[in-house]
Amino acid sequence: MKKIGFIGLGIMGKAMALNLIKAGFSVTVWNRDLDKCAALVAKGAQQANSPRELTETCDITFTIVSDPAAALAICEGPDGVIAGIGNGRSYIDMSTVDDVTSQKIAKAITEAGGRFLEAPVSGTKKPAEDGTLIILAAGDETLYQDALPAFNVMGKMSPYIGEVGQGAKMKLVVNMMMGGMLSIFSEGMSLGLKAGLDGPQILDILGAGAISNPMFKGKGEMLLAENYTTSFPLKHMQKDLRLAISLGEQLNLALPNAAISNEIFKQAIQAGFSDEDIAAIFKVYK
Ligand code: NAP
């Protein structure tokens, strides 16, 4: 593949960009806090001074930033992605945002002569490091084909979901379920522990039955160890629940469980756990 740009070197972006470098791609990086570029430059990346400079000099630019406001912020303005994209260049936004934000960015990119794909990811820090993310691509199918070599480095599967917006919706469905599961799991763990049951034994029994899943195992071990080291920041899960609820509102669909889970995640944010791992939701129940 030609020259790759990478914007957003947070928990996910740093690991994903590193894998692209390791796989031999020519990668240029930019992050709002420019200090975070140094670790990637040390591994062979080049550094751009703005999103505009990056998109002007790269054939395909990948981005993964916090939320809709961040995704729009890096696109807009004289130093933004849209100012640099131009004819023949391409933009792939891997941030978790809503379909409306994604469509707005897609419109601006294509009007500026570029190609656009949304590609939010399922999987957390470890799958990002291991290159085993699930990449939910939607938008320009020719760009999807061109991006597959990079997707194959970052992920274990990258299904094509359809038109712009469908990838965002798929991601929100996945994370709405995840937030709800984590919320009831934490409540159940709290009940079990307060009732005098043994924590590791609860996890063993859950793990042997029909509701066994890797998240209950991984987050369960974390909450028993009171280790909330961040893989997936709690504030981002609350953002995903909020966006899923908003999608439900657009469709006039009641989402009562998601609404309750969202309130619990909001309580966790109010309690100061925003930047801790989603497992810190358990502390609300303690
Ligand atoms: P993170 O560690 O919090 O990193 C956020 C990134 O967004 C940083 O590079 C940050 O720049 C940048 N950013 C925030 N606001 C910005 C703005 N206004 N302008 C420019 N850049 C801005 O988040 P993450 O965990 O990597 O997650 C990134 C995205 O992936 C989110 O949409 C999240 O929901 C999604 N996601 C995360 C996980 C996970 O497990 N972590 C899994 C799947 C999907 P600075 O460094 O300058 O602050």
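Whatever order the structure lists them in is the order used to number ligands and atoms, beginning at 1. Bear in mind that the values here come from a model prediction, so they are computed numbers and not experimental data. We use all heavy atoms of the structure for the numbers below, so side chains are in, but hydrogens, waters and symmetry mates are not.
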Out of Lys235, Met178, Arg32, indicate the one that has the non-hydrogen atom closest to atom 16 (C) of ligand 1.
-> Arg32
At a 4.0 Å cut-off, with the gap strictly under it, does some heavy atom of Ala71 reach an atom of ligand 1?
-> no
If you have a sec, work out which protein heavy atom is nearest atom 4 (O) of ligand 1 and how many Å separate them, to one decimal?
-> Gly10 CA, 3.4 Å
Which heavy atom of the protein is the closest neighbour of atom 46 (O) of ligand 1, given with residue, atom name and distance?
-> Lys36 NZ, 2.6 Å
Does Lys239 come within less than 4.0 Å of ligand 1, judged by its heavy atoms?
-> yes
among protein heavy atoms, the one nearest atom 32 (O) of ligand 1 is Ser66 O, 2.7 Å
Would you say Lys171 has any N or O atom under 3.5 Å from an N or O of ligand 1, going by distance alone?
-> no
CA sep, side-chain torsions, deciding dist, call: Glu129, Lys126, salt bridge (Lys or Arg N to Asp or Glu O under 4.0 Å) | CA-CA 5 Å; Glu129 288 169 351; Lys126 182 82 170 46; 5.9 Å; no
Residue portion contacting ligand 1 (non-hydrogen atoms closer than 4.0 Å) for Met94 = neither
Around atom 23 (O) of ligand 1, find the nearest protein heavy atom and jot down its residue, atom name and distance.
-> His236 NE2, 3.1 Å
Is Leu9 touching ligand 1 with its side chain, its backbone, both, or neither, if touching means heavy atoms under 4.0 Å apart?
-> backbone
Distance-only N or O hit between ligand 1 and Ile11, under 3.5 Å = yes
Under 3.5 Å, N or O to N or O, is Trp30 touching ligand 1 that way?
-> no
Honestly, for Ile74 the part within reach of ligand 1 (heavy atoms, under 4.0 Å) is side chain
Asp59 side-chain N/O to Lys2 backbone N/O, donor-acceptor pair under 3.5 Å | no
Would you check the N or O atoms of Met12, main chain and side chain alike, for any that come under 3.5 Å of an N or O of ligand 1?
-> yes
Taking it one step at a time, do Lys169 and Gln166 satisfy side-chain hydrogen bond (donor to acceptor under 3.5 Å, both in side chains)?
-> CA-CA 5 Å; Lys169 290 176 194 168; Gln166 297 305 94; 3.0 Å; yes
Within-cut-off N or O pair, Asp33 and ligand 1, under 3.5 Å | yes
Return yes or no for this condition: an N or O of Asn31 is under 3.5 Å from an N or O of ligand 1.
-> yes
Does Val65 reach ligand 1 with a nitrogen or oxygen that is under 3.5 Å from one of the ligand's nitrogen or oxygen atoms?
-> yes
Hey, is Pro233 touching ligand 1 through its side chain, its backbone, both or neither, going by heavy atoms under 4.0 Å?
-> side chain
Identify the closest protein heavy atom to atom 42 (C) of ligand 1: which residue and atom is it, and at what distance?
-> Gly123 O, 3.0 Å
Ring-face cation contact, Phe185 with Lys219, 6.0 Å cut, 45° max = no
